[in-house]
Structures are given as C-alpha cells and as structure tokens.
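Note sheet for the following structure.
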Amino acid sequence: MKVLVINCGSSSLKYQVLNMEDESLLCKGLVEKIGIDGSMLTHSKVGADKFVVEQPMKDHTDAIQLVLDALVDKDHGVLASMDELQAVGHRVLHGGDKFTASIVVDEKVKETIRECFPLGPLHNPANLMGIEACEKLMPHTPQVAVFDTAFHQTMPAKSFMYALPYEYYEKHSVRKYGFHGTYHRYIAQTAAKMLGSETGEGLKIISCHLGNGASLAAIKDGKVYDTSMGLTPLEGLIMGTRCGDIDPAAVPFIAEKEGLTMKEMDTVMNKKSGILGISGVSSDFRDVEAAADAGNERAQLALDMFVQRVKHYIGAYAAEMGGVDAIVFTAGLGENGKTTRAAICKDMEFLGIKMCDKCNDVRGKEAFLNTADSKVKLLLIPTNEELMIARDTLE
Ligand code: ADP
C-alpha cells in the first residue's frame, strides 16, 4: 500500500512516497524552477545518495512525469512499477467553507478548488495544476485533496466572523478560515495520544506552529475553536516576513504616506515585514538570534515582539476555552528553538505553566517540557504533514 504525497507550488513541487503498511518513508524529493530556466529535480531514496536531474520542464505535467520516472528508476526508484502506487494525496491550500475534510478528487472538487482561487491566489492554481497533471499521467489512480483550511471548519461563527458589514461575508465569503490545518490536526491527534486520550475529548490544547509561517490553534475536544491566521495566512502571529496583526487603519495610512498601491501594501505586509522588517537582518530566526546575541537591538526587539505575540494568543485562547491542559510546540522554531520556547513560557506560572529547563534542552523529538508540578503540560511534537496527507489519502 504505497501513497505518493504531492505539495505543488507555482514553480516548485515537493513529494514523498510512503509505505502505509508501516507508515515508513521510502523517498522524498523536490522539483524546482518549473517553467523557468534551470529546472531540476532532487530525489532522495531513504538510505541512498541524492539523485539530481537537470532538465527543462515547461509545466507541472513535465515535472510530475520526471518524478514518476524517478520513482520507477531501476537504481534510484522505490517502485517496481507504477501499479504499486495506490493513490496520490495532494496538499491544497484553500477549500473555503466547502470542505471540512479530505476528499477524493472529482470534477466537482476541482471546480470548488477553482472557485477558491481568489482566496488562495498563489497556491490554489498551482495545487490544481498538480492534480490535473497527475490525472493526465495516472488516469486510473485515485487523487485525494487534503485542505489546509479543512480542520478549522469546526470554529464557531463567533471565532471566524470579522466585525465588518455582514454582506461581505455573504457576498465575498470574507471570514477567518485559518491555515496549517493539516499540521494542527496532526498535533491535536498526537498530543491527545501523549496525554492518554484517543479522541482528545475533554482536552484543551493550544498548538503553536512556529516556523517561517506561524499560527496558533485553540483545540477543544479535538476540534478547532479558534486559530490565529485569517482570511489569508497574514493574520495573527509575527512571522518571518509577515506582519501578523496590525491596526487595519495603518494600511491606508502607510499607503498614502508612501504612495503605495494596495497591491504594493500587500507585498510589504507579506514579504517585507515581520522578523525581517523589524530586525533588518533576516527572516530566519537563527540569523536574528545570532544578531541579537551579538548585541543588535533591533534583532532582539524582533524576537521580543514575536514572543510577546505568542504569549498574547496563549492568554487569549486559554481565556476563550476556559483553561488549557497542554501547549504544544512544533515546526522549525518550535521544534528547535529552546530559547524562544523558554521565553514564551517565562512568567506564566499564574496560568499553571511551568517549564522544566532541563527537559526543554531537546530538539526534534516528541517530549514533555514541563515540570512535574506544572498544571499545564508542555509538549514538543515534530510536524509530519506528509504523513497526515498520506493517512487521509489511504482512508
Ligand atoms: P516553513 O515550513 O514555514 O518555511 P519551518 O517550519 O521550516 O518553516 O521553520 C523555519 C524556521 O525555523 C526558520 O526561521 C528557522 O530559522 C527556524 N529554525 C530552524 N532551526 C532552528 C534552530 N535551531 N533555532 C532557532 N530557529 C530555528
């Protein structure tokens, strides 16, 4: 039972093949610069050297054809023939409010992904291209769409509505959707298991996905109650290059002062803000931490602001859920950044949060980070989005 997982971007594509009998990874790879000069595929079979193919690829169909060739390659492949591949799971960014779970792709599903183009203009078209390329190359293999937004569909209206004129919700579907849903679902399930529960019933969990893109989710009884990203992945936490929450009135104010169009403002907020914008150093937390250690005050300010915003949401979500049983750290910074984790948990005893410094000296593996007398459990869980996509696909 082998499943191919595809995460298609506009000019790149990541993939993995998993053996679902034991959920082991067989190979993974990356295709870069699809449709532009210098296209190449880097394929890594588990336990073997990397295999690189540099060859022009005019579109996603060319790219996926090359991936399929690599999968059955007699030296670097992991499949004897394509018949061994049971299904393909695709990460799709936006399912609007149409999909609450993963679904087998048919014409109607594709139409809905298309209808959500305005909500995910960078990702949804690329995701659909990936699906259509696979359909063309593997017409008899089922394709499954796994939506980034689906897990958040359980949010109550009081969490997902914006206090704008109601007609914008009705006419243009303007509301909070939330992203990183597949990640947060993996965290909800894994955390529940670590806490001795099968379903997560009765548990209040705050999942902190802290990477270049970052979001928190408040998960009550295994379902999302609130999340920090919104209509787009810009809202909420301060991120590598994204500003997160700001006064919306700052947008027309800056646009007028700087003579920027709304589109240019969008670029400023998504690409030039966040940790990069404040520090002026980098969007990468490692670089900013190094600069702060060397005495760069703006780098330190960027890190302090990031931590403050995470604390802000933890406090808010504990209040919204009427308490919190566990806080989970995950993604690049959440899994590796012990200094940031410690800073987030500092002075939080009033909420029942006590971090054990020794336990916090860990990276990249499932662990408890709290003291024995901490009311709130602190967990580290490495992300595994591809595994969730593969599980959904199999199901
Ligand atoms: P995304 O998938 O959103 O691109 P990741 O989850 O891969 O992001 O996280 C990337 C971020 O994690 C980077 O900013 C990186 O600096 C940070 N990170 C990775 N390792 C460490 C580390 N050892 N210490 C601090 N930050 C780290």
Side-chain angles (χ1 to χ4, degrees), residues 3 5-7 14-20 22-30 44 46-47 89 91 146 148 151 178-198 200 203 205-219 222 224 227-229 233 237 239-240 284-286 289 306-307 310 314 324-345 355-370 376-394:
V3 170
V5 174
I6 291 191
N7 184 350
K14 286 190 259 179
Y15 65 92
Q16 290 193 358
V17 176
L18 292 105
N19 179 355
M20 295 313 286
D22 57 0
E23 297 191 335
S24 62
L25 176 70
L26 299 177
C27 71
K28 62 179 175 180
L30 170 70
S44 317
V46 171
R91 176 184 183 230
V146 180
D148 235 34
F151 186 52
F179 298 87
H180 289 144
T182 310
Y183 288 108
H184 288 303
R185 188 156 52 102
Y186 180 77
I187 296 305
Q189 292 179 0
T190 312
K193 275 201 200 104
M194 285 171 78
L195 297 169
S197 158
E198 264 309 306
L203 286 175
I205 296 171
I206 299 177
S207 167
C208 308
H209 181 101
L210 310 179
N212 193 25
S215 70
L216 259 67
I219 300 163
V224 175
T227 190
S228 61
M229 282 179 169
L237 299 180
M239 305 176 218
D284 192 296
F285 280 91
R286 282 164 292 199
E289 278 177 10
F306 176 84
V307 167
V310 177
I314 289 176
V324 51
D325 300 306
I327 297 174
V328 187
F329 294 99
T330 186
L333 179 65
E335 289 167 34
N336 299 294
K338 64 176 177 183
T339 317
T340 304
R341 289 194 304 252
I344 291 167
C345 294
M355 180 168 262
C356 155
D357 293 336
K358 204 162 146 247
C359 316
N360 187 39
D361 193 6
V362 61
R363 67 200 308 176
K365 63 172 190 191
E366 283 177 19
F368 284 88
L369 313 176
N370 53 283
V376 178
K377 299 277 188 287
L378 302 171
L379 276 57
L380 193 167
I381 303 177
T383 53
N384 201 336
E385 190 186 29
E386 286 79 10
L387 178 58
M388 277 309 272
I389 294 177
R391 281 182 188 165
D392 278 17
T393 304
L394 188 69

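Along the sequence shown, residues carry numbers from 1.
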Between the CD1 atom in Ile219 and the CD1 atom in Ile187, the distance rounded to the nearest 0.5 Å is 8.0 Å
To the nearest 0.5 Å, atom CD1 of Ile327 lies from atom CG of Leu379 at 10.0 Å
4.5 Å side-chain heavy-atom contact, Thr340 and Val307 = yes
Could you pull out the closest heavy-atom pair between Ala326 and Leu195, with the gap in Å?
-> CB-CD1, 3.7 Å
Minimal heavy-atom distance between Thr227 and Gly178, with the atoms involved, is CG2-CA, 3.6 Å
Between Arg341 (side chain) and Gly334 (backbone), is there a donor-acceptor pair under 3.5 Å?
-> yes
4.5 Å side-chain heavy-atom contact, Leu387 and Leu18 = yes
Output the distance between atom CZ (Arg91) and atom CG (Asp392), rounded to the nearest 0.5 Å.
-> 13.5 Å
Nearest-0.5 Å distance that lies between atom CG in Leu30 and atom OH in Tyr15 = 8.5 Å
Just wondering, do Ile381 and Met194 contact through their side chains at under 4.5 Å, heavy atoms?
-> yes
Please test Val46 against Leu26 for side-chain contact (heavy atoms from CB on, under 4.5 Å), starting from the C-alpha separation and ending with a verdict.
-> CA-CA 6 Å; Val46 171; Leu26 299 177; 5.6 Å; no
Who are the ring-ring contact (aromatic ring centres under 6.0 Å, His included) partners of Phe329, not counting sequence neighbours?
-> none
Should the ring pair Tyr183 and His209 be called parallel, tilted or perpendicular, given that the plane angle runs from 0 to 90° and is split at 30 and 60?
-> tilted
Backbone N or O of Leu216 within a donor-acceptor pair of the Ser228 side chain at under 3.5 Å?
-> yes
Which atom of Asn336 lies closest to which atom of Gly364, heavy atoms considered | OD1-N, 4.4 Å
List the atom of Val3, the atom of Met20, and the distance in Å for their closest heavy-atom pair.
-> CG2-CG, 3.8 Å
For Thr393 and Gly89, the nearest pair of non-hydrogen atoms, with its separation, is OG1-CA, 3.2 Å
With distance as the sole criterion, is a donor-acceptor pair present between the side chains of Ser215 and His184 under 3.5 Å?
-> yes
So do the side chains of Met239 and Asn212 get within less than 4.5 Å of each other, counting heavy atoms only?
-> no
Is there a side-chain contact between Glu386 and Leu25, using heavy atoms and a 4.5 Å cut-off?
-> no
Tightest non-hydrogen contact, residues Tyr186 and Thr383, listed as CE2-C, 4.3 Å
Check whether any side-chain N or O of Asn360 sits under 3.5 Å from a backbone N or O of Lys338 as a donor-acceptor pair, and report yes or no.
-> yes
State whether the side chain of Arg185 and the backbone N or O of Glu385 hold a donor-acceptor pair below 3.5 Å, judged by distance alone.
-> no
Can any side-chain N or O of Asn370 pair as donor or acceptor with the backbone N or O of Leu378 at less than 3.5 Å?
-> yes
Arg391/Glu23 salt bridge by N-O under 4.0 Å criterion = yes
Tell me, do Glu366 and Leu380 make a side-chain contact under 4.5 Å, heavy atoms counted?
-> no
CG-OG1 distance between Asn384 and Thr182, expressed to the nearest 0.5 angstrom = 11.5 Å
Find the distance between CD1 (Ile344) and CG (Leu210) and round it off to the nearest 0.5 Å.
-> 5.0 Å
